[in-house]
Asks: 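What follows is a structure written as structure tokens; I'll ask about it next.
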Amino acid sequence: MYKIAVLPGDGTGFEQVTEGLKVLKAAEDKFGFKLETTDYDLGGERYMRTGEVLPESVLEELKAFDAIFLGAIGHPDVKPGILEKGLLLKLRFDLDLYVNLRPVKLFPGVNTPLKDKGPDDIDFVVVRENTEGLYCGAGGFLRKGTPHEVAVQESVNTRMGVERCLRYAFEYCRDKRVRKKLTLCGKTNVLTYAFDLWERAFHEIGPDYTGVERDYAHVDAICMWMVKNPEWFDVIVTDNIFGDIITDLGAMIQGGMGIAAGGNIHPGKVSMFEPIGGSAPKYTGLGVINPLASICAGAMMLDHLGETEAAARIEQAVATVCSKKLKSLNAGQMGYSTAEVGDLVVREL
Ligand code: IPM
Ligand code: MN
């Protein structure tokens, strides 16, 4: 029995988690586990109604769950930054979810914009540091609003924070991957403090992980090679902002936001799983959004909880539905409604 907090969030988040949960529920009996879910109405609507984004009491409650299943955050009537910082980033930071794990895997039959590349070429995982870097909010304004205004935004990289993220990536690479190649994505030629620390830590702890090949590339080159030679990558580890950017690129080469899922993880503690795309408010309630990202996030959640067989079988079912049924992974072009796609995965499972 696992206790799951469900946060549908905004826009199409509700439709997405509904299908994600449908598939998780369908897996319960077959694989012998049970999910006890509790819904939380956090998001733009609640904020506009009550002014609350994430009350401290709710944050405390969330710590008692085995995992959090998140839909999407972002509301067109709420100023950008309020929900992102007050809810999504606050959860990541306050629950200390120091790894953002984002698989980039092209399933057979799914269209990629990369010409002549297929499932054998696009199959890697990004381990994004999730609690530091440019996201920590360090910096500020000086003389704001004047012609002499100064805005400083600092990237904070602690040895502890960097090392625990690197160790997660090394372990993941050693234990879960076949090729066992770990690429550090940085910018050592310009960001000579931050990535000096990353690079030193990378090579200092590397020898603890026998069998893992160490590789380094600058972030701009990684963007180039993710398009030109994605088959070069197995596991990529990087800081918060670079991880944010390269995983949107990753999502596009694996078939789009309709399928891209991620986990915000602190091993051994409550962790949070989500589609990596946004709330897509313009599609709200239309039943056209692709729920596969949420379904894949659900599979990642099960994997994290130790239900590895169920997780693998859901992923397999998603792959089959992609190759045999869906016309496209894009919203409104799937050939099926949101709920029908959930049903197809359940039937396949
Ligand atoms: C993501 C998103 C978030 C981020 C935003 C919504 C704050 O883009 O999960 O990648 O930048 O991390
Ligand atoms: Mn992002």
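No hydrogens, no waters, no symmetry mates; every other heavy atom, side chains included, goes into these values. Indexing begins at 1, ligand by ligand and atom by atom, following the structure's order.
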Asks: Show the atoms of ligand 1 that are less than 4.0 angstrom away from any heavy atom in Tyr135.
Replies: 4 (C), 11 (O), 12 (O)
Asks: Check whether any N, O or S atom of Asp244, backbone or side chain, sits closer than 2.8 Å to the Mn ion (ligand 2).
Replies: yes
Asks: Using the ring centroid of each side chain, check whether His304 and Phe273 are separated by less than 6.0 Å.
Replies: yes
Asks: How long is the gap from NZ on Lys117 to CD on Glu231, to the nearest 0.5 Å?
Replies: 3.5 Å
Asks: To which protein heavy atom is atom 5 (C) of ligand 1 closest, and what is the distance rounded to 0.1 Å?
Replies: Leu88 CD2, 4.2 Å
Asks: Please report the interatomic distance CG(Leu249) to SG(Cys223), rounded to the nearest 0.5 Å.
Replies: 5.5 Å
Asks: Would you say the ring centers of Phe195 and Phe242 fall short of 6.0 Å from each other?
Replies: yes
Asks: At less than 4.0 angstrom from any non-hydrogen atom of Arg92, what atoms of ligand 1 do you find?
Replies: 1 (C), 4 (C), 9 (O), 12 (O)
Asks: Short list, please: which atoms of ligand 1 are under 4.0 Å from a heavy atom of Arg102?
Replies: 1 (C), 9 (O), 10 (O)
Asks: How about Gln16 and Thr18: does a side-chain donor come under 3.5 Å of a side-chain acceptor?
Replies: no
Asks: Given Leu83, Asp244, Ile245, which one has a non-hydrogen atom that is nearest to atom 2 (C) of ligand 1?
Replies: Asp244
